[in-house]
Amino acid sequence: MQIFEDIISDRGSRYAVSGAPCADEAQAKALLKELKRIKKFAKATHNSWGLLGPDGPVKSDDGEAGAGAIILRMLESAALERHLIVVTRWYGGKHLGGDRFRHVQEAVRIYLARTGMPG
């Protein structure tokens with residue numbers, strides 16, 4: 001799994017983005033478990049993710065309502081199937097409102113750009 005840490009910081013909240021090729025939802029959950037073996041990711045406020053798998057799209061907001069749907073839309077836009085993307089947020093104590101959705105989008109853009117993926 002490729003991990004890009006400290007890519008966005010806003011009002012104390014910090015973001016990271018991770019991803020890897022992924023066959024299906026079961027593998028996505030295994031990859032997420034592997035990511036959470038890293039203590040700081042296990043302690044994160046949210047690990048939202050999305051995957052366009054062979055059985056259709058799957059996602060988890062992990063408490064960040066709407067974040068998984070944003071990741072899925074961006075995967076669909078990039079036509080990137082069988083690839084898991086996880087956006088991690090450590091809450092900084094101040095509500096970000098709609099900015100949190102822009103940060104999720106930017107995190108996915110950063111991942112796609114740094115990995116040379118389409119999008």
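Just the heavy atoms: all of them, side chains too, but no hydrogens, waters or symmetry mates, feed the values below.
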Undergrad: Tell me the closest heavy-atom pair linking Gly92 and Ser13, and the distance in Å.
TA: N-OG, 3.0 Å

Undergrad: Return the orientation label for the His83 and Tyr111 ring planes: parallel under 30°, perpendicular over 60°, tilted otherwise.
TA: tilted

Undergrad: Between atom CD1 of Ile110 and atom OH of Tyr15, what is the distance when rounded to the nearest 0.5 Å?
TA: 11.5 Å

Undergrad: Holding to side chain to side chain donor-acceptor pair (under 3.5 Å), I want the full list of residues that pass it with Gln105, two or more places apart in sequence or in another chain.
TA: none

Undergrad: Which residue pairs pass the side-chain hydrogen bond (donor to acceptor under 3.5 Å, both in side chains) test with at least one member in residues 62-72, sequence neighbours excluded?
TA: Glu64-Arg89, Glu64-Arg100

Undergrad: Hey, are Arg102 and Glu106 close enough for a salt bridge, meaning a charged N less than 4.0 Å from a carboxylate O?
TA: no

Undergrad: Who passes side chain to side chain donor-acceptor pair (under 3.5 Å) against Asp24, sequence neighbours left out?
TA: none

Undergrad: Considering all heavy atoms of both residues, which atom of Trp49 and which atom of Val86 are nearest to each other, and what is their separation?
TA: CB-CG2, 3.8 Å

Undergrad: Tell me which pairs pass side-chain hydrogen bond (donor to acceptor under 3.5 Å, both in side chains) where either residue lies in residues 2-11, with sequence neighbours left out.
TA: Glu5-Lys40, Asp6-Arg14, Asp10-His103, Arg11-Asp99

Undergrad: Measuring only between side-chain heavy atoms, which start at C-beta, is Leu31 closer than 4.5 Å to Glu34?
TA: yes

Undergrad: Please say yes or no: joined through hydrophobic side-chain contacts below 4.5 Å, possibly via intermediate residues, are Trp90 and Leu35 part of one cluster?
TA: yes

Undergrad: Do Leu112 and Leu75 belong to the same hydrophobic cluster, where Ile, Leu, Val, Met, Phe, Trp and Tyr are linked whenever their side-chain heavy atoms lie under 4.5 Å apart, directly or via other members?
TA: yes

Undergrad: Cluster question for you: counting only ILVMFWY and a side-chain heavy-atom cut-off of under 4.5 Å, with indirect links fine, are Leu80 and Val58 together?
TA: no

Undergrad: Give, for atom CD of Glu25 and atom CG of Leu84, the distance between the pair rounded to the nearest 0.5 Å.
TA: 11.0 Å

Undergrad: Clusters formed by hydrophobic residues whose side-chain heavy atoms approach within less than 4.5 Å: which one holds Tyr91, and what are its other members?
TA: none

Undergrad: Which atom names give the shortest non-hydrogen contact between Met1 and Ser18, and what distance separates them?
TA: SD-CB, 3.8 Å

Undergrad: In residues 50-57, what donor-acceptor pairs under 3.5 Å come from side-chain atoms, sequence neighbours left out?
TA:
none

Undergrad: Are Ile85 and Leu32 connected, step by step, through hydrophobic side chains (Ile, Leu, Val, Met, Phe, Trp, Tyr) whose heavy atoms are closer than 4.5 Å?
TA: no

Undergrad: Any chain of hydrophobic side-chain contacts (each under 4.5 Å) joining Ile71 to Phe4?
TA: yes

Undergrad: Are any non-hydrogen side-chain atoms of Arg114 and Ile7 less than 4.5 angstrom apart?
TA: yes

Undergrad: Is it the case that Ser48 and Asp61 place a side-chain donor and acceptor less than 3.5 Å from each other?
TA: no

Undergrad: Are the side chains of Phe41 and Ile3 in touch, meaning some heavy atoms are under 4.5 Å apart?
TA: yes

Undergrad: Once rounded to the nearest 0.5 Å, what's the spacing between atom CE of Met74 and atom CE of Met117?
TA: 13.5 Å

Undergrad: If you compare all heavy atoms of Ile8 against all heavy atoms of Ala107, which two are closest, and at what distance to 0.1 Å?
TA: CD1-N, 3.8 Å

